[in-house]
Amino acid sequence: MNRLLHIVRFPVALVAAASLLVACSNSESPAGGDKGGDASKQITLGFSQIGAESEWRTANTTSVQSAAKEAGINLRFSDAQQKQENQIKALRSFIAQRVDVIAFSPVVETGWETVLREAKAAQIPVILTDRAVQVSDESLYLSLIGSDFVEEGRKAGRWLTEYYATGAGKDVKGEIKIVELQGTVGSAPANDRKKGFAEIIGADERFKVIRSQTGDFTRAKGKEVMEAFLKAEGRNINVLYAHNDDMAIGAIQAIEEAGLAPGKDIIIISIDGVKGAFEAMIAGKLNVTVECSPLLGPQLMEAVKKVAAGETIERRIVTEESVFPMETAAEVLPTRKY
Ligand code: GZL
């Protein structure tokens with residue numbers, strides 16, 4: 001059934017952005033408010049998830065699945081085990097199944113142009129969650145729902161500069177040597193968290209990143225790479241900046257096995273704000289975690305319903321997030337939802 005262009009102005013709820021026309025004309029009208037469509041027809045959403053590499057990802061999957069159930073949306077869910085080729089296969093399968101809407105969290109930023117053109121040709125709208133893509137044609141997806149990773153990196157850098165300017169590290173003199181555990185190579189959070197952190201610490205020549213390597217967002221790899229850092233640099237390391245809590249937790253094990261005190265001999269900053277990070281802070285082994293909320297399910301389902309009804313959605317929906325230093329961990333932990 002041909003669906004008309006729908007232009008419905010929406011007050012921009014979170015981030016000023018160009019609203020988009022959503023031209024939905026599917027051979028099978030998905031559902032929702034389509035003029036003459038069957039408003040009671042259940043929406044089918046195809047969702048390609050990166051994998052289950054971290055506590056964050058597991059919480060994100062739970063949020064998407066429970067929100068779809070709550071919203072009465074038929075969810076077709078695929079786990080790509082952190083492989084782009086598996087995500088591309090899943091997107092092609094969703095196109096073949098003619099789902100109403102496709103959403104996915106892209107494991108890396110590049111390599112999506114072809115399959116997104118196939119979705120556009122099939123007139124199936126695409127929504128990004130969590131991570132961004134680099135494409136030449138912005139119309140290949142309708143919206144990105146997720147965090148500002150550059151700002152998360154800046155927050156980590158600001159905490160560190162304040163720690164050494166006015167905090168517990170204010171009496172430390174000389175160069176401050178940092179090792180960095182990066183996230184998955186080529187992923188938006190890895191690229192942007194590195195960029196934001198470097199922007200802030202770059203203003204003070206005392207800070208030197210002496211080693212930086214990917215730990216692929218996993219505990220196991222984070223431990224393995226930290227072991228290599230310690231072998232090469234030993235007591236030369238003052239700070240660890242980890243792009244996620246899971247790598248930081250793995251690194252904490254390596255630091256302890258090397259006979260050093262994490263959170264004291266080596267100051268540790270990480271990102272996500274998962275329960276494991278709060279437990280490590282309460283134990284005095286992690287100094288701060290920058291929140292990155294995985295609870296994107298409700299915002300995604302709200303956007304899916306609007307798109308399926310032919311309504312416009314914000315181009316960029318940013319999640320609001322905090323910073324949790326170890327001093328607040330015991331009080332905050334009982335309130336955490338992931
Ligand atoms: C961030 C998300 C990252 C988390 C990691 O939004 O993409 O992937 O920081 C997860 O824990 O693996």
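Atoms considered below: every heavy atom in the structure, side chains included; atoms not considered: hydrogens, waters and symmetry mates. Whatever order the structure lists ligands and atoms in, that order sets their numbers, starting from 1.
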Check this for me, if you would: do [X] and [Y] make a salt bridge, where the nitrogen-to-carboxylate-oxygen distance has to be below 4.0 angstrom?
X      : Y      : answer
Arg158 : Glu162 : no
Lys177 : Glu233 : no
Glu180 : Lys194 : yes
Glu152 : Lys155 : no

With a 6.0 Å cut-off on ring centres, are Tyr141 and Trp112 close enough? no
Table of N or O contacts for ligand 1, cutoff 3.5 Å:
unit_1: ligand 1; atom_1: 6 (O); unit_2: Asp130; atom_2: OD1; d: 2.3
unit_1: ligand 1; atom_1: 7 (O); unit_2: Arg57; atom_2: NH2; d: 3.1
unit_1: ligand 1; atom_1: 7 (O); unit_2: Asp130; atom_2: OD1; d: 2.9
unit_1: ligand 1; atom_1: 7 (O); unit_2: Asp130; atom_2: OD2; d: 2.8
unit_1: ligand 1; atom_1: 7 (O); unit_2: Arg131; atom_2: NE; d: 2.7
unit_1: ligand 1; atom_1: 7 (O); unit_2: Arg131; atom_2: NH2; d: 3.4
unit_1: ligand 1; atom_1: 8 (O); unit_2: Arg57; atom_2: NH2; d: 3.0
unit_1: ligand 1; atom_1: 8 (O); unit_2: Arg131; atom_2: NH2; d: 2.8
unit_1: ligand 1; atom_1: 9 (O); unit_2: Arg193; atom_2: NH1; d: 2.7
unit_1: ligand 1; atom_1: 9 (O); unit_2: Arg193; atom_2: NH2; d: 3.2
unit_1: ligand 1; atom_1: 9 (O); unit_2: Asp272; atom_2: OD1; d: 2.6
unit_1: ligand 1; atom_1: 9 (O); unit_2: Asp272; atom_2: OD2; d: 3.4
unit_1: ligand 1; atom_1: 11 (O); unit_2: Ser54; atom_2: OG; d: 3.0
unit_1: ligand 1; atom_1: 11 (O); unit_2: Asn244; atom_2: ND2; d: 2.9
unit_1: ligand 1; atom_1: 11 (O); unit_2: Asp272; atom_2: OD2; d: 2.6
unit_1: ligand 1; atom_1: 12 (O); unit_2: Glu53; atom_2: OE2; d: 2.6
unit_1: ligand 1; atom_1: 12 (O); unit_2: Ser54; atom_2: OG; d: 2.9

Please list, chain by chain and in numerical order, all residues satisfying side-chain hydrogen bond (donor to acceptor under 3.5 Å, both in side chains) with Asn74, sequence neighbours excluded.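 Per chain and number, Asn74 pairs via side-chain hydrogen bond (donor to acceptor under 3.5 Å, both in side chains) with Thr44.
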